[in-house]
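Worksheet: one structure, shown below.
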Protein chains: 2
Amino acid sequence: MTRWLPDARGRLTVAAIALYGERGFEQTTVAEIAERAGVTERTFYRHFSDKREVLFGGSGDLQATVIGAIEAAPPGRAPIDVMGDAMASAAALMQPGRDHSRGRAAVIEANPSLQERELLKLATLSAASAEALRRRGVPTLAAAVAAEAGVTVFKLGFERWIADSAAGTAGDAAGDTLGDTAGAAPESGDAPDFARCIREALDELKALTNPSR
Amino acid sequence: MTRWLPDARGRLTVAAIALYGERGFEQTTVAEIAERAGVTERTFYRHFSDKREVLFGGSGDLQATVIGAIEAAPPGRAPIDVMGDAMASAAALMQPGRDHSRGRAAVIEANPSLQERELLKLATLSAASAEALRRRGVPTLAAAVAAEAGVTVFKLGFERWIADSAAGTAGDAAGDTLGDTAGAAPESGDAPDFARCIREALDELKALTNPSR
DNA sequence: GCATTGATGTCAGTTTCTGTCATCAGGCTA
DNA sequence: TAGCCTGATGACAGAAACTGACATCAATGC
């Protein structure tokens, strides 16, 4: 007979996201999260370093995927394309969890203190990616710039992936804060493909820095 | 007769930086900062939203300078150069406070929670810069990318400006984590010029994204 | 003179986060 | 089977970060 229900960490994550969404991050106490998950407040802090970290439990996996993809890239490939491919492969893993990602992003967007944490995670990812590129022989500055570009592409692609396309019926183009409406949703009503969003963002970034051809 | 000593905010800032440097950020309590500044803890929180914010009191001025420079730039100038000039003009204002900046940077580098705050400030600066570029007629995506590049250049230039060149006698080249030793210090023993560091970083970034010529 | 204002003090209270020790199911070994 | 770890959790105390409410009183303006 088990002494406790399994996967306390998972229950804490679910409870936290639900409560943050229902009543807001600041209006939720750790004690409430713990209670809904059926554990003690102390147990929350054994699984997560603080109240924000519970929203970023997947960042380790994300980084591992990206770094692995960089290391597995063919030797001759340009750094920026290595980054693009790596981000696209991470995106593919996230594709099934689009609803989860949307809810999470909405919570983060509403709270500067969560944005801080997200920026730190992305900066860490960028630094680790640059280091991985360097191990492939890319010079220091070029590696840092390519890694930063890759993270930027990830952000841009994520925004498009998450953007409310085909939420209701067809023809809803309101709330498009990014200027032009993108493709990336072949059939109206389907969820857009994250990896494709990233590749599109990368192409546009390339066109921008190399307008001649 | 004045009821309180003037400039409580300034005294709090000085006290905080001193204590954070002496015994570390986490080992310092707000009560200690307030005591050294001759005020109560409550007054600290009237001037700064939290314990970290006291290190970022100048970020408002920095952003105002950058945005002002963007708006004052000649109409035809390329967005990336507008950003470079804007960052250089902000750098000029910071030049006299190099020692202060170094101490502050050391404290931030040692504390992830302060790095978070710094990343948020820089992201805010980037977003505001992009908005200012957009008001000049730069398309949305190009504005965002140029602004991001400008902030990156600021970071790179700052690292070089702060790097320990000519601390003791001549010929000390240890601790150079950035690969090649930069110029930017015409006479050995002088503090490097921040604006020049930024222009150099910008030139290298340009060379990187446009290797052909 | 006198009311108003604004920066600060005072104090109680909530919440976040940490250190420490106790508990006890499951697994391992004799 | 008995007995000893181990690891995850509970229980509890406490420091420190922050907040809200009200009081104080020099300076300012009428």
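Protein chains get the first letters and strands the later ones, always in sequence-line order, with residue 1 at the start of each.
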Sugar-phosphate, base or nothing in reach of A8(A), heavy atoms under 4.0 Å: sugar-phosphate

Passing option when E116(A) is tested against R52(B), K121(B), Q115(B) for side-chain hydrogen bond (donor to acceptor under 3.5 Å, both in side chains): R52(B)

Nearest whole Å is fine: how far is [N] [atom2] from [X] [atom1]?
X: Y45(A); N: dG10(D); atom1: OH; atom2: C1'; result: 16 Å
X: K51(B); N: dT19(D); atom1: NZ; atom2: P; result: 15 Å
X: E53(A); N: dT18(C); atom1: CD; atom2: P; result: 12 Å
X: E41(A); N: dT20(C); atom1: CD; atom2: C1'; result: 16 Å
X: D7(B); N: dA7(C); atom1: CG; atom2: P; result: 13 Å
X: Q27(A); N: dT14(C); atom1: CD; atom2: P; result: 17 Å
X: F25(A); N: dT16(C); atom1: CZ; atom2: P; result: 8 Å
X: E32(A); N: dT16(C); atom1: CD; atom2: C1'; result: 13 Å

Is a donor on one side and an acceptor on the other found under 3.5 Å between the side chain of [X] and the backbone of [Y]?
X: R98(A); Y: W161(A); result: yes
X: R104(B); Y: L55(B); result: yes
X: E71(B); Y: V66(B); result: no

Is there a side-chain polar atom (N or O) of [X] under 4.0 Å from OP1 or OP2 of [N]?
X: H47(B); N: dA7(C); result: no
X: T43(A); N: dG10(D); result: yes
X: T40(A); N: dT9(D); result: no
X: T2(B); N: dA27(D); result: no

Base of dG10(D) paired with side chain of R3(A) (donor-acceptor, under 3.5 Å): no

Under-3.5 Å donor-acceptor pair between R46(A) side chain and dG10(D) base: yes

SB check E131(A) R135(A) (cutoff 4.0 Å): yes

Residue whose closest nucleotide on DNA chain D lies nearer the 5' end, A31(B) versus W4(B): A31(B)

Side chain of R42(A) - closest among dT16(C), dA11(D), dC18(D): dA11(D)

